[in-house]
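To start, the structure itself, in structure tokens.
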Protein chains: 2
Amino acid sequence: MVNKTPAAKAPDATRRNERSRRAILDAALEIVGEVGFSKLTIEAIAARAGVGKQTIYRWWPSKAAVLFEACMPEGLDPLTVELPDTGDIEADLKTVLRGTVDELRNPKLEAPTRALSAETQNDPELGRQLTERILEPQLQAYVRRLRSAQEAGQIAADIDVRIAIELLVGPLFHRWHTRTLPLTHEYADTVAELALRGLSPR
Amino acid sequence: MVNKTPAAKAPDATRRNERSRRAILDAALEIVGEVGFSKLTIEAIAARAGVGKQTIYRWWPSKAAVLFEACMPEGLDPLTVELPDTGDIEADLKTVLRGTVDELRNPKLEAPTRALSAETQNDPELGRQLTERILEPQLQAYVRRLRSAQEAGQIAADIDVRIAIELLVGPLFHRWHTRTLPLTHEYADTVAELALRGLSPR
């Protein structure tokens with residue numbers, strides 16, 4: 001899904017490729033916000049980005065893959081991402097959950113993220129791929145951070161941390177998805193506090 | 001959204017209407033499972049249910065409304081639903097969350113429920129209506145049950161129960177939506193236990 005320019009190529013070609021890649025991702029974000037996922041086409045993305053269709057097909061297997069990369073924070077590799085570890089699990093979780101709130105509330109990303117979320121329901125295979133390649137590796141970063149808190153005695157030893165992290169991310173996702181009440185930093189803080197009350201040693 | 005047959009009508013007409021209503025709902029469930037929401041049409045529902053299109057338009061404003069009613073447990077009114085109250089908040093929450101797992105895993109309802117979930121992302125107005133009319137009233141039933149537990153001293157008095165319930169329903173919904181790990185009764189129990197550890201008086 002990423003730019004596969006061989007390292008040996010001239011710097012100019014690499015820059016041109018990077019410019020094309022960014023133009024394609026931006027075009028996908030714009031178009032899906034205007035017409036929705038079902039009407040998004042590779043042709044329309046290519047036309048708006050000023051590239052040939054073949055350029056897009058060379059780098060991405062599908063329009064969902066383009067959109068998915070467009071929604072990822074630039075430079076974030078889900079396979080190597082780590083949560084902050086200052087030694088204070090409550091402070092670190094609040095930092096991370098506030099960041100998630102900011103991402104979910106980014107107006108530029110809202111329409112494409114919702115379109116992609118919808119498509120994971122309509123297309124189970126796409127959903128499973130995104131979960132396996134992108135979501136679960138990020139959840140494993142939470143698992144590592146909670147394990148380190150367990151070792152530091154801030155989280156009870158008998159807690160299944162893989163389940164515990166769902167008490168942190170589930171509420172934010174539920175509120176975003178269902179639009180029940182505002183998604184704010186204060187909400188992120190309260191979720192972190194309530195969850196940690198349940199996780200801390202008794 | 002419900003059958004508006006006047007009570008004065010002959011019992012035969014009421015029975016016929018109820019038969020048509022059920023045939024329409026079943027047809028909607030079947031068709032959306034076969035072709036997805038975007039290709040579901042009122043025409044197709046009418047043809048399979050053996051009724052005229054006008055019968056459907058008389059009772060429901062849209063295909064989403066038909067599907068929505070079809071996905072609701074028969075006889076459940078979200079405005080008057082109450083959670084069980086045996087006096088044991090942990091047992092009651094496990095009963096309710098296990099029931100939610102059973103609903104989410106019902107093979108007959110999976111395709112239509114996912115289609116409707118997707119459509120709430122693509123159509124914000126539909127999403128807001130379903131949240132306001134159906135989801136939030138059900139969440140308020142959780143709020144009432146947690147308040148009663150608060151009065152009984154089983155949940156700390158300083159807890160914002162409207163937020164606390166999201167630690168119960170959010171994880172289940174997240175796991176269902178993202179297909180990360182199996183949605184089981186054991187998972188429902190663990191979520192109830194972890195959340196209640198956080199909510200109980202210290």
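Labels below follow one simple rule: chain letters A, B, ... track the order of the sequence lines, proteins then strands, and each chain is numbered from 1.
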query: What part of B:Ser200 lies closer than 4.5 angstrom to a heavy atom of chain A: side chain, backbone, both or neither?
result: both
message: Is A:Leu199 in contact with chain B via its backbone, its side chain, both, or neither, using a 4.5 Å heavy-atom distance?
response: both
message: With a 6.0 Å cut-off (strictly less than), is the heavy-atom count around CD of B:Glu132, excluding the residue itself, greater than 12?
response: no
field: Residues A:Arg105, A:Glu110: salt bridge by 4.0 Å N-O rule
entry: no
- prompt: Is B:Arg21 positioned over the aromatic face of B:Trp60, cation under 6.0 angstrom from the ring centre and no more than 45 degrees off axis?
  reply: no
message: Heavy-atom pairs under 4.5 Å with chain A: which of B:Ala156, B:Ala164, B:Ala118, B:Ala195 has the most?
response: B:Ala118
query: Quick check: does any side chain N or O of B:Thr100 sit under 3.5 Å from a backbone N or O of B:Val96, one acting as donor and the other as acceptor?
result: yes
- line: Per-residue tally against chain A (heavy atom, under 4.5 Å) across B:Val191, B:Leu167, B:Ile159, B:Leu196 peaks at B:Leu167
Portion of A:Leu139 that has a non-hydrogen atom of chain B nearer than 4.5 angstrom: side chain
query: Do B:His174 and A:His174 make the cut of ring centroids closer than 6.0 angstrom?
result: no
query: Which bit of B:Ile165 comes within less than 4.5 Å of chain A, counting heavy atoms only: side chain, backbone, both or neither?
result: neither
- prompt: Between A:Leu135 and chain B, which part of the residue has a heavy atom less than 4.5 Å away: side chain, backbone, both or neither?
  reply: side chain
- request: Verify the distance criterion only: is there a donor paired with an acceptor across the side chains of B:Ser117 and B:Arg114 at less than 3.5 Å?
  value: no
- prompt: Which atoms of B:Tyr187 come close to chain A, meaning under 4.5 Å heavy atom to heavy atom: side chain ones, backbone ones, both, or neither?
  reply: side chain
- request: Heavy-atom pairs under 4.5 Å with chain A are the metric here; pick the option from B:Pro124, B:Gly127, B:Ala115 that has the most.
  value: B:Pro124
- request: Look at A:Arg175 together with B:Glu166 and state whether they make a salt bridge at an N to O cut-off of under 4.0 Å.
  value: yes
task: Could you have a look at B:Leu181, B:Thr113, B:Val169, B:Asp160 and say which one has the most heavy-atom pairs with chain A under 4.5 angstrom?
output: B:Leu181
task: Check whether any side-chain N or O of B:Gln121 sits under 3.5 Å from a backbone N or O of A:His177 as a donor-acceptor pair, and report yes or no.
output: yes
statement: Bottom line for A:Leu168: the part with an atom under 4.5 Å from chain B's heavy atoms is neither
